[in-house]
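Below is one structure; the comments refer to it alone.
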Amino acid sequence: MRKKLISEVFEEAAKLNTKKSKIAYLQKNDSAPLRDIIRINFDDDIISLLPPGAPPYKKDDMPDGHNYSTLYNKYRQFKYFFKGPKINMNQVKRESLFISLLETIHPKDAELFLEAKDKNLKYKGITKNLVMDAFPNLIRK
């Protein structure tokens with residue numbers, strides 16, 4: 001059985017009816033990439049070095065579960081796309097790496113990452129307050 005996509009975790013949490021159940025579901029499905037996506041979207045300290053919107057990229061068309069990669073093994077690259085210490089990269093290389101990441105993960109996760117990068121996640125009931133309750137100390141600002 002494959003791990004749930006990060007986008008699936010958000011989709012399923014959004015379907016739950018109570019704040020308590022959403023928090024419990026997010027905590028049950030806790031992972032480093034899930035926390036990174038939450039921080040990228042909700043933490044004002046996380047500033048994108050990429051242009052807003054989606055770059056031109058070819059969506060991965062592999063059957064579900066056969067994608068080349070996932071956010072679980074690509075999340076370590078996130079540091080190249082946001083302001084941080086000691087990340088000195090040419091902007092063309094940064095954008096090329098970003099497009100490569102988007103092209104190798106499931107299209108739903110690619111869309112999720114694009115929304116988070118622009119601080120625009122759209123999942124019902126998944127708010128800054130909710131994720132701060134689910135993961136205290138994760139979001140600084």
Side-chain angles (χ1 to χ4, degrees), residues 1-87 89-141:
M1 190 172 130
R2 73 168 175 79
K3 264 186 158 175
K4 289 180 183 174
L5 298 170
I6 301 301
S7 55
E8 288 174 331
V9 172
F10 280 105
E11 287 169 0
E12 291 172 18
K15 291 177 187 172
L16 299 171
N17 294 324
T18 66
K19 181 177 179 178
K20 189 175 181 179
S21 62
K22 289 177 195 288
I23 289 170
Y25 188 80
L26 289 173
Q27 290 171 335
K28 178 181 168 227
N29 290 281
D30 188 14
S31 66
L34 176 75
R35 285 176 176 246
D36 281 352
I37 293 292
I38 288 169
R39 282 200 62 227
I40 289 165
N41 188 75
F42 292 109
D43 194 329
D44 294 334
D45 279 348
I46 308 294
I47 299 167
S48 175
L49 295 170
L50 298 162
Y57 73 100
K58 184 181 179 297
K59 291 183 177 170
D60 185 358
D61 58 2
M62 292 295 289
D64 197 18
H66 295 278
N67 303 82
Y68 177 73
S69 196
T70 68
L71 287 177
Y72 293 100
N73 48 11
K74 289 289 188 176
Y75 80 94
R76 289 177 190 85
Q77 292 181 1
F78 291 2
K79 65 185 175 194
Y80 299 115
F81 310 129
F82 302 93
K83 279 189 180 173
K86 300 179 187 166
I87 302 297
M89 181 182 280
N90 172 304
Q91 186 66 16
V92 172
K93 183 172 170 80
R94 176 178 289 112
E95 291 179 26
S96 174
L97 182 65
F98 182 62
I99 290 168
S100 172
L101 181 147
L102 295 175
E103 290 179 341
T104 60
I105 61 176
H106 191 282
K108 283 185 172 186
D109 272 2
E111 188 64 33
L112 167 89
F113 191 60
L114 287 166
E115 288 174 2
K117 168 190 73 77
D118 292 337
K119 302 202 178 286
N120 196 25
L121 277 184
K122 296 177 183 137
Y123 293 95
K124 183 181 174 206
I126 308 298
T127 64
K128 187 172 187 172
N129 285 337
L130 181 120
V131 296
M132 288 173 76
D133 288 346
F135 304 108
N137 305 318
L138 179 64
I139 297 172
R140 294 186 192 115
K141 283 188 179 175

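Here the structure is a predicted model, which is why all the values come from computation and not from measurement.
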Strictly distance-based, threshold 3.5 Å: is any side-chain N or O of Gln91 a donor or acceptor partner for the main-chain N or O of Leu50? no
Which atom names give the shortest non-hydrogen contact between Ile46 and Lys119, and what distance separates them? O-NZ, 2.9 Å
Spacing of Glu103 atom CD and Tyr57 atom OH [to the nearest 0.5 Å]: 9.0 Å
Could you go step by step and tell me if Phe113 and Ile6 meet the side-chain contact (heavy atoms from CB on, under 4.5 Å) rule? CA-CA 9 Å; Phe113 191 60; Ile6 301 301; over 6 Å; no
So, using ring-ring contact (aromatic ring centres under 6.0 Å, His included) as the criterion, who are the partners of Phe42 when residues are at least two apart? none
Within 45 degrees of the ring normal and closer than 6.0 Å to the centroid, is that where the cationic atom of Lys3 sits relative to Tyr72? yes
Side-chain donor or acceptor of Arg140 paired with backbone N/O of Asp45 under 3.5 Å: no
Going from CD1 on Ile47 to CD1 on Ile40, what distance comes out if it is rounded to the nearest 0.5 angstrom? 13.0 Å
Any donor-acceptor pair under 3.5 Å from Lys59 side chain to His106 backbone: no
Between Thr104 (side chain) and Ser100 (backbone), is there a donor-acceptor pair under 3.5 Å? yes
Between Ala116 and Leu121, the two heavy atoms sitting closest are N-CD2, 4.0 Å
Distance col, row Lys15:NZ vs Tyr123:OH, nearest 0.5 angstrom, shows 11.0 Å
Closest heavy-atom pair, Ser7 versus Lys108, reported as atoms and distance to 0.1 Å, is OG-CB, 3.3 Å
Do you know the tightest heavy-atom contact between Leu114 and Gly53? CD2-O, 3.9 Å
Identify every side-chain donor-acceptor pair in residues 22-30 under 3.5 Å, counting partners at least two apart or on other chains, and give the distances.
from, atom 1, to, atom 2, distance (Å)
Lys22, NZ, Ala13, O, 3.3
Lys22, NZ, Ala14, O, 2.9
Lys22, NZ, Leu16, O, 2.8
Lys22, NZ, Lys124, O, 3.3
Tyr25, OH, Lys4, NZ, 2.7
Tyr25, OH, Glu12, OE1, 2.2
Gln27, NE2, Ala134, O, 2.9
Asn29, ND2, Tyr25, O, 2.9
Asp30, OD1, Arg35, NE, 2.8
Asp30, OD2, Arg35, NE, 3.1
Asp30, OD2, Arg35, NH2, 3.0

Is Arg39 close to Asn41 at the side-chain level, that is, under 4.5 Å between some pair of heavy atoms? no
Can you name the nearest heavy-atom pair linking Arg94 to Phe81, along with the distance? O-CE2, 3.6 Å
Just how far is it from atom OG of Ser48 to atom CZ of Phe78, taken to the nearest 0.5 Å? 12.0 Å
Distance (rounded to the nearest 0.5 Å) between Thr70 OG1 and Leu5 CG: 8.0 Å
Just how far is it from atom NZ of Lys122 to atom CG of Leu112, taken to the nearest 0.5 Å? 12.0 Å
When you measure from the side chain of Asp118 to the backbone N and O of Pro52, does any donor-acceptor pair fall under 3.5 Å? no
